[in-house]
Amino acid sequence: MAEYKQVHSFDLQISQMKKIQYELASKVEIGGKIRTPSIIGGVDVSFMGEKAVGIVVCLAFPSLELIEYSYSSVEVSMPYIPGYLAFRELPAFLKAWEKIKNVPDVVMFDGHGVAHPRRLGIASHASFFIERPTIGIGKSLLYGITVEPAKEKFSQNPIYDNVYTKHPNDSIIGMSMCSKEKTKPIYISCGNLISLEEAIKLSQMSITKYRLPEPTRYAHLYSQKVKKEIS
DNA sequence: GCGACAG
DNA sequence: ATCTTGTCGC
């Protein structure tokens, strides 16, 4: 069973959530070389009424064959508020994470990493609980400035901080990338414990014939499937 | 005050 | 995210 650290509770007020985000963001470690993963994880959370269904899939890397997947169902604790997605989805994710036997070496999330107003999107946030490298894969931009890349596979452009004076040493917070010709781009950003170069490389190696990389794509597929089975 | 706003 | 079938375009 995969373990995780209970970094903080989820019974919080927005002001407390914001404070936690700033505190954890200051501890994010971008860069460093990680060993090529043998198992890559994918996470997605879907909803049905007041229930949140969390999914974790484990794929062999680089073959991308499905090894295992788990799911959980928890009561929704708060509404969706832009910038605070993690507080709504992490409880479901963590409950599914504990059921995983083949612990992933790196995990991809459906949402952003440091490409976030306070540098702590769900991918970065989750890393402090599972203590593993994470990557954020966004389907739309939440924060940052970027130029839409050409619609050719793997064409890409950097995502810069809206306020470049806020973090002058690292204004590039992610990469906009065309993952499939003639489709809208995906937004890759570091979650934690990984470099943007590595995050992009692993993302590209996880992309086959679809817009989303297999870990996230599979997780989403299963979340929809599981919802019907348990409804 | 106004507009933006992951999933 | 979710409500929802067929349909236009690559």
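Please read all numbers here as calculations on a predicted model, not as lab measurements.
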Would you tell me whether A:D44 and A:Y218 have side-chain atoms, one donor and one acceptor, within less than 3.5 Å of each other? no

Please tabulate, for the side chains in residues 72-84 of chain A, all donor-acceptor contacts under 3.5 angstrom to protein atoms that are two or more places apart in sequence or on a different chain.
from: A:S72; atom 1: OG; to: A:A92; atom 2: O; distance (Å): 2.6
from: A:E75; atom 1: OE1; to: A:K51; atom 2: NZ; distance (Å): 3.1
from: A:Y84; atom 1: OH; to: A:R118; atom 2: NH2; distance (Å): 3.2

Should A:Y187 be listed as having a side-chain N or O under 4.0 Å from OP1 or OP2 of B:dA6? no

For the residue pair A:F129 and A:F93, is the inter-centroid distance of their aromatic rings smaller than 6.0 Å? no

Is A:L141 touching bases, backbone alone, or none of the nucleic acid, heavy atoms closer than 4.0 Å? sugar-phosphate

Report yes or no: do A:L94 and A:L85 belong to one cluster of Ile/Leu/Val/Met/Phe/Trp/Tyr joined by side chain heavy-atom distances under 4.5 Å? yes

Which part of the nucleic acid does A:G83 contact within heavy-atom distance under 4.0 Å: base, sugar-phosphate only, or nothing? base

Base, sugar-phosphate, or nothing for A:H220, non-hydrogen atoms under 4.0 angstrom? sugar-phosphate

Does A:S46 make a side-chain N or O approach to OP1 or OP2 of B:dG7 shorter than 4.0 Å? no

Would you grab the first and last nucleotide of DNA chain C (5' to 3') that comes under 4.0 Å of any non-hydrogen atom in chain A? C:dA1 to C:dC10

Answer with yes or no whether the side chains of A:S176 and A:E148 bring together a donor and an acceptor at under 3.5 Å. no

Spacing between A:Y143 atom OH and B:dC5 atom P, to the nearest angstrom: 14 Å

Check every strand shown and say whether A:Y84 touches a base, only sugar-phosphate, or nothing at a heavy-atom separation below 4.0 Å. base

I want to confirm an ordering. Mapping A:D44 and A:K182 to their closest nucleotides on DNA chain C, which one lands closer to the 5' end? A:D44

Whole Å only: how far is the CE atom of A:M48 from the C1' atom of B:dG7? 17 Å

Under a single-linkage definition using a 4.5 Å side-chain heavy-atom cutoff for Ile, Leu, Val, Met, Phe, Trp and Tyr, are A:F10 and A:F128 assigned to the same hydrophobic cluster? yes

